[in-house]
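Notes follow once the structure below has been shown.
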Amino acid sequence: MSIKNYEFWFVVGSQFLYGPEVLDTIKVRAAEMADKMNASGNLPCKIVYKGTVKTNIEMTILSKEANYDDKCAGIITWCHTFSPSKMWINGFANLQKPYCHFATQYNREIPNEEIDMDFMNLNQAAHGDREHGFIAARLRMPRKIIAGYWQDEDVQKRIGSWMRAAVGVAVSKNLKVMRFGDNMREVAVTEGDKVEVQAKLGWQVNTWPVGTLVEVMNEVTDQEIDELMETYRTKYEFATEDLETVRYQAREEIAIKKMMDEEGCMAFSNTFQDLYGMKQLPGLATQHLMAQGYGYGGEGDWKVAAMTAILKTMSEGQSGGTTFMEDYTYHLEKGNEYSLGAHMLEVCPSVASKKPRIEIHPLGIGDREAPARLVFEGREGQAIVVSLVDMGGRLRLICQDIQCVKPIMDMPNLPVARVMWKALPDLITGLEAWITAGGAHHTVLSYDVTAEQMKDWARMMDIEFVHINKDTNIETLEQDLFLADLAWKLK
Ligand code: MN
């Protein structure tokens with residue numbers, strides 16, 4: 001489901017104490033606020049005014065409806081007047097959707113001449129939102145608190161940003177991952193408890209035989225391949241004459257996509273160690289699938305495949321790009337340190353700085369024919385890299401802020417897509433922090449999704465979150481990880 005089809009329910013708190021006229025005014029204003037915020041263009045999803053809650057039973061029913069409605073990706077509450085919070089307990093205790101407390105006020109300014117006690121009773125968010133905030137704190141609800149004036153662009157954008165994280169929750173809870181082959185032999189960090197992940201994050205991670213994929217590949221028609229070749233021609237520059245090799249990638253892409261679509265899978269993993277019956281490791285095929293929003297993880301890394309799909313949905317409609325990534329090698333010139341990220345083949349062209357080239361080169365590993373792949377440089381800009389690891393008994397999401405640059409050298413003999421960046425706070429400290437936290441070599445790199453969104457997502461999914469940023473120092477990080485270890489054992 002596209003991000004545009006999700007809704008967020010705007011639920012306003014009040015009570016009967018102030019009489020029907022006040023409640024009528026609240027209703028009109030809340031609807032107006034929803035309309036204006038929708039019209040602002042700052043929200044990726046629609047906000048729908050769902051009513052004013054005045055009793056326990058109203059909130060209980062509303063929570064049940066929100067839980068049941070697949071289009072509802074979360075609720076946003078605000079208290080126009082005072083709304084005694086014991087009446088929210090039953091509803092909140094049963095709420096299974098993301099929750100944002102929007103601490104705002106209908107009027108921007110205090111009207112000097114008009115203000116009297118009627119005005120005070122109608123416009124007492126400062127009072128009502130504190131009562132409302134207490135009960136969520138008391139119930140230990142995972143929540144996002146956004147304070148500010150509802151017509152301000154920056155405030156609307158923060159709500160929009162949280163909406164994207166909440167959609168990431170909805171996607172996660174229904175995500176299916178198709179595995180072709182197991183994880184790469186002997187690799188530890190790509191392993192994980194699939195039962196725990198399904199219980200916690202909702203992912204259904206299952207395997208399909210490579211042999212079945214080969215059968216589906218054999219059924220792909222020339223006409224289907226011709227059509228996809230036309231698409232490749234509009235999007236990419238052909239830097240090869242060997243069209244048969246490119247057509248073979250098209251055949252792989254069509255077959256993988258058919259199998260995923262039939263099963264409702266949004267992500268897949270494969271491994272060069274299990275390509276039985278396939279002539280090429282999918283390169284261009286995987287890259288173009290990622291460009292269409294599918295998640296991918298190399299060497300059987302189903303966790304990063306799923307995370308790539310989730311971040312791609314969270315950033316739908318944005319233009320920076322999101323890709324599967326791997327830390328490969330360093331440039332350790334003193335004071336001018338960089339990481340070079342790439343993969344054997346599979347970097348998503350959504351992060352390309354200009355039109356990618358289709359090239360064919362031999363692959364050093366995997367014992368197959370030279371595969372076609374897209375070669376390009378990643379763009380400059382602020383980004384994050386994200387890694388989900390299984391700590392045994394719990395999941396840890398590690399997010400690092402990075403600054404991508406135009407690669408400082410051409411690297412004309414490097415036959416793969418590449419992205420170069422400075423990790424924060426600096427390469428050396430950032431590297432030590434990443435290793436301290438147990439972050440993987442595989443990541444999702446995104447120019448669109450922010451660390452705040454990943455923190456929100458982790459909180460809503462109830463998993464540990466570690467953020468490596470400009471302020472990180474190793475001593476504090478070690479202390480935080482030690483305390484988190486204790487806290488998560490108690491949870
Ligand atoms: Mn890899």
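Both counts, for ligands and for their atoms, begin at 1 and track the order of listing. Residues: numbered from 1 along the sequence shown. These numbers were taken from a predicted model, which means no experiment stands behind them.
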*asked:* Can you see whether Tyr338 has Lys422 sitting over its ring - NZ or CZ less than 6.0 Å from the centre and within 45° of the normal?
replied: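 Judged by the rule (NZ or CZ under 6.0 Å from the ring centre, within 45° of its axis), Lys422 counts as positioned above Tyr338.
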*Is any NZ, NE, NH1 or NH2 atom of the basic residue among Lys279 and Glu244 found under 4.0 Å from an Asp or Glu carboxylate oxygen of the other?*
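Looking at Glu244 together with Lys279, the answer is no, because their closest N to O distance does not fall below 4.0 Å.
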_Centroid-centroid distance, Trp162 to Phe102, less than 6.0 Å_ =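 That pair fails the under 6.0 Å test.
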*For the Mn ion (ligand 1): protein N/O/S atoms at distances below 2.8 Å*: 4
*asked:* Can a side-chain donor-acceptor contact be found between Asn42 and Gln156 if the only test is distance below 3.5 angstrom?
replied: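 On atom types as modelled, these side chains qualify, holding a pair under 3.5 Å.
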*Only one of Ile225, Val216, Thr221 forms a side chain to side chain contact (heavy atoms under 4.5 Å, CB included) with Arg251, so which one is it?*
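With Arg251 as partner, Ile225, Val216, Thr221 yield a single side chain to side chain contact (heavy atoms under 4.5 Å, CB included), made by Ile225.
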*Could you list the residues that satisfy ring-ring contact (aromatic ring centres under 6.0 Å, His included) with Tyr236, not counting sequence neighbours?*
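Tyr236 satisfies ring-ring contact (aromatic ring centres under 6.0 Å, His included) with His288 only.
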